Number of protein chains: 2
Amino acid sequence: MEELGTTAYVILGMLRRGARNGYEIKSRADVSTRFFWAISYSQIYPELKRLEGAGLIEGEADPAGGRRRQAYTLTAAGEETLHEWLTRDGDFHLELRHEGVLRLFFADALDREEQLELLHSMRAEHERARIELERIEPTARARFDESGDRFPLLTLDMGIAYQGFFIDVCERLERRLTEPQPISGGT
Amino acid sequence: MEELGTTAYVILGMLRRGARNGYEIKSRADVSTRFFWAISYSQIYPELKRLEGAGLIEGEADPAGGRRRQAYTLTAAGEETLHEWLTRDGDFHLELRHEGVLRLFFADALDREEQLELLHSMRAEHERARIELERIEPTARARFDESGDRFPLLTLDMGIAYQGFFIDVCERLERRLTEPQPISGGT
DNA sequence: GCTCACATGTAATCCGTTACATGATTCT
DNA sequence: AGAATCATGTAACGGATTACATGTGAGC
């Protein structure tokens with residue numbers, strides 16, 4: 001059997017957590033895993049078929065009225081595969097693409113005012129992201145209270161702190177650039 | 001003229017900062033921008049030709065002994081394009097793919113020991129990354145002292161703090177999971 | 001003589017996004 | 001009647017990685 005991509009494991013994981021079809025997988029991912037691993041419909045539907053072909057999930061027709069719908073569940077093999085991934089060691093995919101920091105790297109080409117403007121818009125972006133996460137938090141907390149599953153809430157709180165990290169960094173830098181010329185460079 | 005991808009701006013920026021050819025662009029990127037925007041040779045060389053075709057850079061033969069080498073410089077149009085990008089507003093590309101946090105999201109499927117193992121390996125990965133950045137820091141600091149350009153050093157220090165953020169989060173969570181069963185979920 | 005750093009490229013492939021396409025049900 | 005939500009897919013494209021391919025120069 002071929003190697004699975006990380007996106008496949010998102011699907012397996014979401015099914016294990018109770019999502020039943022492609023639409024539900026996407027809806028849930030959009031308010032949770034998307035902040036550290038985004039997926040889209042055009043990955044999900046073909047992948048569901050591949051996973052079924054590999055015997056890791058099983059789908060059955062589950063029409064809602066006249067609306068076509070396919071309900072998937074993990075097989076034992078799927079459960080096992082998911083567990084293997086969760087406990088696998090060796091390094092995992094870790095990638096950041098941050099155009100804001102990238103611009104900041106080249107910001108010596110800008111004048112003071114432009115530098116501040118860049119920092120400000122970067123901070124604003126992270127503040128928007130934090131607000132979005134904070135809006136989700138109560139729902140996540142409620143789901144934790146029902147299910148006892150703590151990691152979705154923990155990773156959400158981690159995401160909020162993550163945005164806070166960038167917000168703080170921007171704020172501090174903005175202040176430093178505003179203050180009268182400091183002498184040294186680093187922290 | 002077609003829209004430029006972010007990678008094109010990395011190249012323009014590196015040329016502005018004094019890199020002269022594809023090899024130098026890559027070498028410098030590998031110890032700086034790579035941590036928030038990775039690039040590879042197979043992007044650089046074709047892109048250099050496209051940028052030359054678009055009149056944003058100019059290349060001339062610059063052989064080193066019998067070794068073929070092409071030296072590029074920014075044109076006025078290239079300088080302008082770079083500046084436009086640095087000051088552009090509207091949201092920029094911001095993407096994180098973190099397989100560790102993703103696994104953590106699904107970690108309710110693991111037992112306590114496996115959860116701790118996951119956190120530990122995640123922390124180790126970020127510690128490796130931090131050490132790598134700390135090794136680069138003196139060089140970056142020296143280059144700041146020579147050139148007066150502060151943002152490369154600032155973004156490097158930011159990268160070090162970034163790794164520190166994840167290390168702290170992991171540590172705190174490890175401690176929490178080790179302590180006798182807490183009652184509540186969130187922060 | 002060997003290895004490492006310098007230097008430049010192409011081809012195949014993978015992964016992901018965006019746009020396109022369709023249709024039923026529920027809510028207002 | 002119309003909009004939003006539920007639900008499933010395909011096609012085209014773009015961006016990036018990996019593997020492949022080649023050759024010089026400098027230092028040991």
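Here the structure is a predicted model, which is why all the values come from computation and not from measurement. In what follows, chains are A, B, ... by sequence order, proteins preceding strands, each numbered from 1. Below, all heavy atoms of this structure are taken into account, side chains as well, without hydrogens, waters or symmetry copies.
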Less than 4.0 angstrom between a side-chain N/O of [X] and OP1 or OP2 of [N], yes or no?
X: B:S40; N: D:dA16; result: no
X: A:T7; N: C:dG16; result: yes
X: A:K49; N: D:dT8; result: no
X: A:R97; N: D:dA16; result: yes
X: A:N21; N: D:dT8; result: yes

Measure the distance from [atom1] on [X] to [atom2] on [N] and round it to the nearest whole Å.
X: A:R69; N: C:dT26; atom1: CZ; atom2: P; value: 10 Å
X: B:E47; N: C:dT8; atom1: CD; atom2: P; value: 16 Å
X: A:Y45; N: C:dA21; atom1: OH; atom2: P; value: 19 Å
X: B:L48; N: C:dT10; atom1: CG; atom2: C1'; value: 15 Å
X: A:Y23; N: D:dA4; atom1: OH; atom2: P; value: 13 Å
X: B:K26; N: D:dT18; atom1: NZ; atom2: P; value: 10 Å
X: B:E3; N: D:dG15; atom1: CD; atom2: C1'; value: 15 Å
X: B:Q43; N: C:dC15; atom1: CD; atom2: P; value: 16 Å

Under 4.0 Å between any heavy atoms, over every strand shown, what does A:R20 touch: base, sugar-phosphate, or nothing? Just pick one.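 Counting heavy atoms under 4.0 Å across all strands, no contact is made by A:R20.
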
Quick one: label A:Q70 by what it contacts on the DNA or RNA (base, sugar-phosphate, nothing), any heavy atom closer than 4.0 Å.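 A:Q70: backbone/sugar contact only, no base atoms under 4.0 Å.
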
Would the base of C:dT18 count as contacting A:S42 through its side chain, where contact means a donor and an acceptor less than 3.5 Å apart?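 Such a pair is found, so the answer is yes.
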
Angle class for the A:F166/A:Y162 ring planes (parallel below 30°, perpendicular above 60°, tilted otherwise)?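 A:F166 vs A:Y162 ring planes: perpendicular.
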
May I ask you to decide if the ring planes of A:F105 and B:F36 are parallel, tilted or perpendicular, using 30° and 60° as cut-offs?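 Tilted, since the angle between the ring planes falls between 30° and 60°.
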
Do [X] and [Y] come close enough that some side-chain heavy atom pair is under 4.5 Å?
X: A:L96; Y: B:W37; result: no
X: B:P63; Y: B:R69; result: no
X: A:L119; Y: A:R123; result: no

Strictly below 4.0 Å, N to O, side chains only: are B:R128 and B:E132 in salt-bridge contact?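 No, no charged N to carboxylate O under 4.0 Å.
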
Starting at the 5' end of DNA chain C and moving along, which residue's nearest nucleotide shows up first, A:W37 or B:E24?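 First, find each residue's nearest nucleotide; the 5'-ward one identifies B:E24.
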
Starting from the 5' end of DNA chain C, give me the residue, B:P46 or A:A38, whose nearest nucleotide shows up first.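 The residue mapped nearer the 5' terminus is B:P46.
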
Considering residues, nucleotides and ligands other than B:H120, do more than 12 of their heavy atoms fall under 6.0 Å from its NE2?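 Atom NE2 in B:H120 is not packed in, count stays at 12 or less.
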
Closest non-hydrogen atom pair, B:G148 against A:D108: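 Heavy atoms only, the tightest pair is O-OD1, 4.4 Å.
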
For this output row, return yes or no: ring centroids of A:F165 and B:F165 closer than 6.0 angstrom.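 Centroid separation for A:F165 and B:F165: below 6.0 Å.
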
How large an angle, rounded to 10°, do the end axes of the helix from C:dG1-D:dC28 to C:dT28-D:dA1 enclose when each is built from five base pairs?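 Terminal axis comparison yields 30°.
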
Output one letter per nucleotide in nucleotides 22-28 of chain D: B when a protein non-hydrogen atom lies under 4.0 Å from the base, S when only the sugar-phosphate is that close, - when neither is. -BBS---

Determine yes or no for a side-chain-to-main-chain donor-acceptor pair under 3.5 angstrom, with A:R28 supplying the side chain and A:M14 the backbone.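 No, because the side chain of A:R28 does not come within donor-acceptor range (under 3.5 Å) of the backbone of A:M14.
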
